[in-house]
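This report concerns only the one structure given below.
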Amino acid sequence: MNLRGLSQSGSAERVALNGNQILVRSVGDGPEVVVLHGGPGADHASLAPYLDPLARSRKLRYYDQRGSGGSRVAARVDLGWQSHVEDLAALTRRWRSGPSTLVGHSWGCLLALLYTAAHPASVARLALIAPAPVTARHRIGYLRRLTERLADPKIAAGRWSLEQSGLRKADPLAYRQRASELSIMPYLRDHSKAVNVKPFVVSTRVRDAVWRSLESYDMANHVTDSHIPAIVIHGRHDPIPLDSSRQIASMLGCALEIFENSGHLPFVEEAEHFIEVLDEFLPKERR
């Protein structure tokens, strides 16, 4: 892989971590902020185009979690949630930046919470964007709602039309772009904004391993009000139940910011407002 092709700015490298090669990318200068992508099994590039504007006054530390994106692993490597917490701990020790500010999206929020429960003294701030369901019960509700949205006649018709178009053979790149747009539509309030979402691939191996390791989970067993400054952001039209984010905010004793015109990707649907909110909350270099 050509690391220079990962982004228009910043520096990327692979580092040895717990027996694996992990792709990391840093951009900006100032107080450090560690960004945790979702999925499980997506990659940092699924967030970088939207969060990079925050690097104007701070350093963003991205990485592809083990088994995801550019951080490929051997067949028998453990991919459960505990191994992801261990990797994050090893990375923060490597960066030697003191207590970390963590920004998570979706599953990345659960990773941030699990890490905080294990290493509370190592966390300075938490920004949780569209958190994955906080309990197995909420996850069931999310999956039910997602299934209903996937059955939307417009989305179903779009999928049928794509498969009949012959684009898969004639123009594979265009086919993947359109397939990606259709897959992301159920997560958005405004389907037309799917064209603004950078295509990404989710590793089903990582996704399944993480959820299997969590089993019938309840984050209330891990999270308490630790007096760590935090913020929870949730799009009103997210297929993930709003009550899930309300519960997280209550457990952390922090503010819940509801983005009224967004689904699961507020950084796409309300980009300007999103940057304003996070820029205000995250540590920054004063100029």
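As the structure is a computational prediction, the values presented were derived from the model and not from experiment. Numbers here are sequence positions counted from 1.
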Discussion item. Measuring from atom OG of Ser213 to atom CG of Asp78, what distance do you get when rounded to the nearest 0.5 angstrom?
Written reply: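 Atom-to-atom, Ser213:OG and Asp78:CG are 7.5 Å apart.
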Discussion item. Would Arg207 pass as a cation-pi partner of Trp107, given that its NZ or CZ must be under 6.0 Å from the six-membered ring centre and within 45 degrees of the axis?
Written reply: no
Worksheet item: Of Leu88, Val206, Leu111, Val210, which is the lone residue that meets side-chain contact (heavy atoms from CB on, under 4.5 Å) with Gln65?
Response: Leu111
Discussion item. If the test is side-chain contact (heavy atoms from CB on, under 4.5 Å), which one of Ile129, Leu51, Thr101 qualifies with Val35?
Written reply: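 Option passing the side-chain contact (heavy atoms from CB on, under 4.5 Å) with Val35: Leu51.
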Practice prompt. Report the relative orientation of the aromatic rings in Tyr187 and Tyr142; use parallel for angles under 30°, tilted for 30 to 60°, perpendicular for over 60°.
Written response: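 Rings of Tyr187 and Tyr142: tilted, as their planes differ by 30° to 60°.
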Discussion item. Under the salt bridge (charged side-chain N to carboxylate O under 4.0 Å, His left out) definition, can you give me all pairs with a residue in residues 148-157, not counting sequence neighbours?
Written reply: none
Within the distance-only criterion (no hydrogens, no angle test), does the side chain of [X] pair as donor or acceptor with the backbone N or O of [Y] below 3.5 angstrom?
X: His138; Y: Pro241; answer: no
X: Asn20; Y: Ile22; answer: no
X: Arg125; Y: Phe281; answer: yes
X: Asp218; Y: Thr135; answer: no
X: Ser165; Y: Leu162; answer: yes
X: Ser244; Y: Val134; answer: yes
X: His234; Y: Ile240; answer: yes
X: Asp64; Y: His44; answer: yes
X: Glu32; Y: Ser100; answer: no

Discussion item. Using the rule given for ring-ring contact (aromatic ring centres under 6.0 Å, His included), can you reason through His105 versus His264, listing the C-alpha separation, both sets of side-chain angles and the distance that settles it, and then say yes or no?
Written reply: CA-CA 9 Å; His105 175 243; His264 194 57; 4.8 Å; yes
Practice prompt. Identify, with sequence neighbours excluded, every residue that meets side chain to side chain donor-acceptor pair (under 3.5 Å) alongside Thr92.
Written response: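 Testing Thr92 for side chain to side chain donor-acceptor pair (under 3.5 Å), a comparison that skips the adjacent residues, returns Tyr115.
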Compare all side-chain heavy atoms of [X] with those of [Y] and state whether any distance is below 4.5 angstrom.
X: Ile275; Y: Arg56; result: yes
X: Asp279; Y: Arg58; result: yes
X: Asp87; Y: Val85; result: no
X: Leu23; Y: Tyr63; result: no

Practice prompt. Check the surroundings of atom CD in Gln164: do more than 12 heavy atoms from other residues, nucleotides or ligands lie under 6.0 Å from it?
Written response: yes
Fill in: Intermediate values then yes/no, side chain to side chain donor-acceptor pair (under 3.5 Å), Ser26 and Arg61
CA-CA 5 Å; Ser26 301; Arg61 299 278 202 182; 2.8 Å; yes
Worksheet entry | Residues forming a side chain to side chain contact (heavy atoms under 4.5 Å, CB included) with Ser46, sequence neighbours excluded |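 Testing Ser46 for side chain to side chain contact (heavy atoms under 4.5 Å, CB included), a comparison that skips the adjacent residues, returns His37, Ala42, Asp43, Phe200.
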Discussion item. Applying a strict under-4.5 Å side-chain criterion to I, L, V, M, F, W and Y, I'd like to know whether Leu17 and Leu36 cluster together.
Written reply: yes
Worksheet entry | Donor-acceptor side-chain pairing of Ser71 and Arg66 below 3.5 angstrom | no
Worksheet entry | Gln82 and Glu86: side chain donor to acceptor below 3.5 Å |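 Not at all, the side chains of Gln82 and Glu86 share no donor-acceptor pair under 3.5 Å.
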